[in-house]
Number of protein chains: 2
Amino acid sequence: MKMSEGVEWTAHACTLLAALPPGVGLPAAALAEFHYLAPAYMAKHMQALARAGVVESVRGAGGGYRLAKPASEITLWEIVEAIEGVEPTFRCTEIRAQGPCPGSDFRKPCEITSVFRKAETAWRAELKSVSLADIAAEVGRKATPARRAQLTQWLQEQLG
Amino acid sequence: MKMSEGVEWTAHACTLLAALPPGVGLPAAALAEFHYLAPAYMAKHMQALARAGVVESVRGAGGGYRLAKPASEITLWEIVEAIEGVEPTFRCTEIRAQGPCPGSDFRKPCEITSVFRKAETAWRAELKSVSLADIAAEVGRKATPARRAQLTQWLQEQLG
DNA sequence: GATATCGTACTCGGATATACATTGTCCGAGTGGTGACGG
DNA sequence: CCGTCACCACTCGGACAATGTATATCCGAGTACGATATC
């Protein structure tokens with residue numbers, strides 16, 4: 001049970017977008033280059049985020065992706081949801097209903113499913129409690145002056 | 001990010017084993033038949049549980065699988081761990097270290113990884129808090145008399 | 001009749017195919033900017 | 001000199017291939033039970 005690496009890619013990409021002035025974006029190629037990632041595959045993942053309403057896409061020259069709402073209103077869970085989907089990790093196929101001694105009450109989920117549901121709820125709650133603004137702020141706080149300057153220069157090259 | 005269906009299969013199989021008298025087991029074929037599952041594939045999953053020390057295997061006629069320790073000491077997490085492995089779902093590949101503006105401090109995990117680590121810890125904690133004995137007790141409590149009789153008869157057929 | 005030995009049936013264990021999902025790439029659709037042309 | 005139009009470069013979007021993992025199966029290794037032959 002492993003998470004798609006697209007989650008890591010887009011989470012870092014969105015963190016970068018969160019550091020930009022409001023309304024300003026970057027093309028997928030630039031987001032990929034920032035971490036030396038495959039441009040085409042990064043573009044594919046960004047599409048998923050656009051469909052989910054996490055980012056907005058702007059076509060044409062000077063276009064790209066930008067956050068669809070304030071970074072403080074975007075949680076890590078939204079990104080996971082956009083890439084991985086909303087399906088629970090544990091999918092109960094009700095095997096208890098089959099076999100020579102089938103269970104009786106199918107209106108309620110089986111005990112095993114209940115535990116997994118509860119565990120996954122706790123997992124999601126943690127991811128929902130952290131916003132992109134939180135992450136961006138933490139990253140910015142730890143950055144050295146040299147890194148800040150490097151980032152500023154790179155952004156100027158990208159934004160023109 | 002979906003969990004292997006082997007987790008569901010083996011979790012239900014172990015719940016059945018937990019309902020048996022201590023020291024008594026069932027062959028993989030019987031565990032599969034109990035829920036109409038593919039016998040060969042069920043056997044493969046039970047092997048994983050045996051390697052992890054959750055169950056013991058007994059070869060030869062009259063052999064099979066039985067719990068390796070009391071059901072109260074086996075958690076759902078152990079079963080997940082045996083089937084899925086201990087690898088975290090979110091694997092940080094440190095992409096922040098690459099690209100034109102690499103991060104500075106690599107001794108500490110990045111902020112995004114930290115959040116996922118915390119979330120997964122919460123998830124595992126829930127699974128570790130429930131034992132097979134808890135599940136078996138709950139299943140037994142909800143069972144109707146008819147179902148109990150059906151189960152007893154089936155077990156007698158299997159155990160001789 | 002008791003005991004040792006062989007054979008047989010049963011079960012686990014790992015090696016081996018197959019199906020499906022994820023990963024990765026490409027080309028067409030759409031859009032804004034830019035330059036040329038005409039008024 | 002200004003406005004309009006057409007072209008072009010740029011970017012997203014979805015369709016299409018390659019790879020890896022999970023799924024599914026089979027055959028060999030090992031063990032207990034039972035039958036048989038011998039003492």
Side-chain angles (χ1 to χ4, degrees), chain A residues 1-10 13 17 24-33 35-66 68 80 82-85 87 89-91 93 95 157-160, chain B residues 1-10 13 17 24-33 35-66 68 80 82-85 87 89-91 93 95 157-160:
Chain A
M1 186 182 58
K2 58 185 184 184
M3 190 175 292
S4 166
E5 61 185 2
V7 173
E8 183 183 13
W9 292 22
T10 53
L17 289 178
V24 177
L26 283 172
L31 294 174
E33 189 206 322
H35 292 115
Y36 285 162
L37 302 173
Y41 197 25
M42 171 61 96
K44 184 178 178 62
H45 286 312
M46 293 307 293
Q47 288 173 29
L49 260 65
R51 274 192 295 271
V54 175
V55 298
E56 287 174 343
S57 64
V58 180
R59 279 188 164 182
Y65 290 99
R66 66 185 179 205
V80 174
I83 301 294
E84 296 283 341
E87 282 284 298
T89 59
F90 180 86
R91 293 147 301 151
T93 56
I95 61 173
E157 287 174 12
Q158 300 299 323
L159 298 172
Chain B
M1 187 183 57
K2 59 185 183 185
M3 191 174 292
S4 167
E5 62 185 1
V7 172
E8 183 183 13
W9 291 23
T10 54
L17 289 179
V24 177
L26 283 173
L31 294 173
E33 190 205 322
H35 292 115
Y36 285 161
L37 303 173
Y41 197 26
M42 171 60 96
K44 183 176 181 63
H45 285 313
M46 293 307 293
Q47 289 172 28
L49 259 64
R51 273 192 298 270
V54 175
V55 299
E56 287 173 344
S57 65
V58 179
R59 279 188 164 182
Y65 290 99
R66 65 185 179 203
V80 174
I83 302 293
E84 295 283 340
E87 282 284 299
T89 59
F90 180 85
R91 293 147 301 151
T93 56
I95 62 174
E157 286 174 11
Q158 300 299 322
L159 299 172

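Throughout, a chain's letter reflects where its sequence line sits, starting with A, and its residues are numbered from 1. All values below come from the heavy atoms of this structure, side chains included, with hydrogens, waters and symmetry mates left out.
- Nearest-nucleotide mapping onto DNA chain C: of B:R59 and A:A38, the residue sitting toward the 5' end is B:R59.
- In this structure, A:A29 reaches neither bases nor backbone, as no heavy-atom distance under 4.0 Å exists between it and the strands shown.
- In terms of position along DNA chain D, the nucleotide closest to A:G62 lies nearer the 5' end than the nucleotide closest to the other residue of the pair A:K2 and A:G62.
- Counting non-hydrogen atoms under 4.0 angstrom, A:G6 reaches nothing in the nucleic acid.
- If you take CZ of B:R66 and C1' of C:dT11, they are 14 Å apart, rounded to a whole angstrom.
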task: Dump the intermediate steps for side chain to side chain contact (heavy atoms under 4.5 Å, CB included) on A:K2 and B:R91, then the final yes or no.
output: CA-CA 8 Å; A:K2 58 185 184 184; B:R91 293 147 301 151; 3.6 Å; yes

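- Residues satisfying the ring pair (Phe, Tyr, Trp, His ring centres under 6.0 Å) criterion with A:Y65, sequence neighbours excluded, are absent altogether.
- Here B:I95 contributes atom CD1 and A:L37 contributes atom CG; the two are 5.0 Å apart, rounded to the nearest 0.5 Å.
- Here the P atom of nucleotide C:dT23 and the CD atom of A:E84 are 8 Å apart, to the nearest Å.
- A search for side chain to side chain contact (heavy atoms under 4.5 Å, CB included) contacts involving A:E5 returns A:W9, A:Y41, not counting sequence neighbours.
- Rounding to the nearest 0.5 angstrom, the gap separating the CG atom in B:L17 from the CG atom in B:L49 is 9.5 Å.
- In this structure, B:L159 atom CG and C:dT11 atom P are separated by 12 Å, rounded to whole Å.
- Residues of residues 39-58 of chain B that place a heavy atom closer than 4.0 Å to DNA chain D, in numerical order, are B:A40, B:Y41, B:K44.
- Interatomic distance, CE of B:M42 versus CG of B:L31, reported as 5.5 Å (0.5 Å rounding).
- Every residue meeting the side chain to side chain contact (heavy atoms under 4.5 Å, CB included) condition with B:A30, not counting sequence neighbours, appears here in chain and number order: B:L26, B:P27, B:W154, B:Q158.
- Along DNA chain D, the stretch of nucleotides lying under 4.0 Å from any heavy atom of chain B spans, 5' to 3', D:dT23 to D:dT31.
- Each side chain to side chain donor-acceptor pair (under 3.5 Å) pair with one or both residues in residues 51-61 of chain B, not counting sequence neighbours, appears once here: B:E56-B:R66.
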